[in-house]
A.B. asks: 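Structure provided below as structure tokens; questions to follow.
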Amino acid sequence: MSAKMIEVRWHGRGGQGAKTAALLFAQALLTTGKYIQAFPEYGPERMGAPVQSFNRVSDTPITIHCGITEPQFVVILDPSLLDAVDVTEGVGTQGKVIVNTSFSAEEMAKKLGIAKEQVFVVNASKISTETIGKDIPNTPMLGALVKVIGNLDINGVLDDTKSKLEVKFRSKPEVIEGNLTSIKRAYDEVKNS
Amino acid sequence: MVKTVFSKGKIVAKTGNEVMAEAMRQIAPDVVAAYPITPATEIVQIFSQFVADGKVPTEFVAVESEHSAMSATIAASVAGARAMTGTSSQGLAYMWEMLYIAAGLRLPIVMAEVNRALSAPINIHGDQSDTMGARDAGWIQIYSENSQEAYDNMIQAVRIAEASKLPTMVTTDGFIISHCMEVAEVYPDADVKEFVGEYKPERALLDYKRPFTLGAIDLQDFYFEHRFQLAQAMRDSKKIILDVASDFKKKFGREYSFYEKYQMDDAEVAIVTIGSAAGTTKVVIDELRKKGIKAGLIKIRVYRPFPAEEIAKDLSKVKAFAVLDRADSCSGTFAPVYLDVVAALYANCASAPKSENYVYGLGGREISMEHIEEVYMKLDAIAKGIKKASTQLEYINVRIK
């Protein structure tokens, strides 16, 4: 694996959009000029079951097709997964974990058993409820991930997500606006404290 | 920045299934008859949506089984239509007797196939047992490492099938490629249409002014000659495959052959494999080369017809090689690709390098960079005379030895 390649693991529950988030993230980064991969972990598919999806992002073509075992970034869509799944598996001492939660980074670090510097929190459920009208944390978490990774183009991500949503929600412009606002808010609100 | 190879190409993020369905839309066959099966379902689903939305004029036949899917595709092809289908695993197994009939009748059917394990035990994940089982059915088999290759192979398959009068299947590794979204370049409809051209069958049952008999009984007097012709057509298709690849390169810029050589010019140890694991192997090779190990790869794209002389020539130059098979023959000896490779070497070369055969990834079992590196390290030791090559089939990442 190239040193410049970014590997991301998403944790969610079936129906929360972990797969969609990984796909949207990949598509958006492609439009900013990156090589990408997005793939879900397929198992028994049922609502509420713990699911994972993955991303690779690179400046050079990606030929690797094995699983991701040591992600630099982990995104947790549902805080209830912390008790059900080993969400920090392979994260080591350098990987960063982003949690959708109302708790602080200190509290989450204690719960996860990793250093506070590795933990980022954002209340994506609250943001999505306020902006989209439903607890759909996957789109705001996109914004949080872009912020935490650091060197990515948030405006490129917003532009691409907008064009994707415009196709999907032609008759519901408020859904598009809500999603974009949620991404922007999570980008601004995600914090390491 | 991701750039196109073809001046009019467009960069998209698509899964293996999405690009295969997209290629089918652009090819716009007269008839598609198919039945959904994981992980190939999306190909049929997306394509049938194209039909429903009027984006492709194809007659879509929603059949009740894969046996019927292949039967209907055969019937359409016999009638003179450009006909396609798609399936996976048990679906391919259920088509079995019709696969041989498609080949025996010399019908240029193109199939999008997603490689998946065979039951039992039931498993939906990727391995190549399904198409490896069909390797003697008289179908041309083209395997794809990634989405781009799946798309390009589908486009080329139409011309290969029609010029060779042999049914052709194009495969991807189930889930690993079929459901992995990655960067692919797609070409404008008009350019794909121009490349595949119009299908003008030599004979068609619907051409009632020139009637002919098809599927007649063929006993001791002529069966053997007809089967010889089928086998000869497979041998002759090698030139057709290279010609189509050459035209494809001229038109779209991407280069294809029977197999891809990666770092083989000065390789001392090599892996031969098929499909998505080849991409991971390339990354391992880059790492090993930094450590001074001259590792190389032969990634087979066209498995039927098997490019025996060519592979033998390239492999004879290395000191040791391993064939990594994603299928097990359960034959008591070795796995399919290895048997073809060693037969090629034995027939074509006075002396052959040391070799090993590994089965990996059955039922979607992970094959990591470390696993591949271990194989190369063993080969390196064999090449240096430190270790002896195994004389039996070896297994990667399996818990029962």
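Labels below follow one simple rule: chain letters A, B, ... track the order of the sequence lines, proteins then strands, and each chain is numbered from 1. This is a predicted model, so every value here is computed, not measured.
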A.B. asks: Does one side chain, of B/E145 or A/H65, offer a donor that lies under 3.5 Å from an acceptor on the other?
C.D. replies: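 On atom types as modelled, these side chains do not qualify, holding no pair under 3.5 Å.
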A.B. asks: Are there over 12 heavy-atom neighbours, none belonging to A/K126, within less than 6.0 Å of that residue's NZ?
C.D. replies: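 No - once you tally the heavy atoms of other residues, nucleotides and ligands closer than 6.0 Å, there are 12 at most.
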A.B. asks: Atom CZ in A/F39, atom CD in B/E182: separation rounded to 0.5 Å?
C.D. replies: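 The CD atom of B/E182 is 10.0 Å from CZ of A/F39, to the nearest 0.5 Å.
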A.B. asks: If I take atom CD1 from residue A/I62 and atom SG from residue B/C180, how far apart are they, to the nearest 0.5 angstrom?
C.D. replies: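 Answer for the CD1-SG pair, A/I62 versus B/C180, is 8.5 Å.
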A.B. asks: Let me know if B/V12 has heavy atoms under 4.5 Å from chain A in its side chain, its backbone, both or neither.
C.D. replies: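 Contact with chain A is through the backbone of B/V12 alone.
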A.B. asks: How far does OG1 of B/T15 sit from CG of A/L23, to the nearest 0.5 angstrom?
C.D. replies: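 The CG atom of A/L23 is 8.5 Å from OG1 of B/T15, to the nearest 0.5 Å.
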A.B. asks: At their closest point, which heavy atom of A/L30 faces which heavy atom of B/V183, and how far apart are they?
C.D. replies: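 Taking A/L30 first and B/V183 second, the nearest heavy atoms are CD1-CG2, 3.7 Å.
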A.B. asks: Please flag which part of B/I372 lies under 4.5 Å from any non-hydrogen atom of chain A: side chain, backbone, both or neither.
C.D. replies: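 When you check distances to chain A, no heavy atom of B/I372 falls under 4.5 Å.
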A.B. asks: Please test B/M181 against A/Q37 for side chain to side chain contact (heavy atoms under 4.5 Å, CB included), starting from the C-alpha separation and ending with a verdict.
C.D. replies: CA-CA 5 Å; B/M181 174 186 277; A/Q37 272 184 0; over 6 Å; no
A.B. asks: Should the heavy atoms of other residues, nucleotides or ligands under 6.0 Å from CG of A/D86 be counted, would the total exceed 12?
C.D. replies: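 Atom CG in A/D86 is packed in, count exceeds 12.
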A.B. asks: Of the non-hydrogen atoms in B/E366 and A/G67, which two are nearest, and what is the gap between them?
C.D. replies: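 Looks like OE2-N, 2.8 Å.
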A.B. asks: Side chain, backbone, both or neither: which part of B/H371 has an atom under 4.5 Å from a heavy atom of chain A?
C.D. replies: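 It is neither, since no heavy atom gets under 4.5 Å.
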A.B. asks: Any chance you could measure A/Q27, atom CD, to B/K14, atom NZ, to the nearest 0.5 Å?
C.D. replies: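 Between atom CD of A/Q27 and atom NZ of B/K14 there are 8.5 Å.
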A.B. asks: Does B/F6, at its CZ atom, have more than 12 non-hydrogen atoms belonging to other residues, nucleotides or ligands within less than 6.0 Å?
C.D. replies: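 Yes, CZ of B/F6 has more than 12 neighbouring heavy atoms, counting only those of other groups under 6.0 Å.
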A.B. asks: Could you please spell out the steps behind the side chain to side chain contact (heavy atoms under 4.5 Å, CB included) verdict for B/M369 and A/I64?
C.D. replies: CA-CA 9 Å; B/M369 287 173 53; A/I64 190 167; 3.2 Å; yes
A.B. asks: Is atom NZ of A/K184 surrounded by more than 12 heavy atoms (other residues, nucleotides or ligands) closer than 6.0 Å?
C.D. replies: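 Open.
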A.B. asks: Heavy-atom cut-off 4.5 Å, strictly under: side chain, backbone, both or neither for B/I176 against chain A?
C.D. replies: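 Both the backbone and the side chain of B/I176 come within 4.5 Å of chain A.
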A.B. asks: For the residue pair A/T63 and B/G279, what are the closest heavy atoms and their distance?
C.D. replies: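 Result for this residue pair: OG1-O, 2.9 Å.
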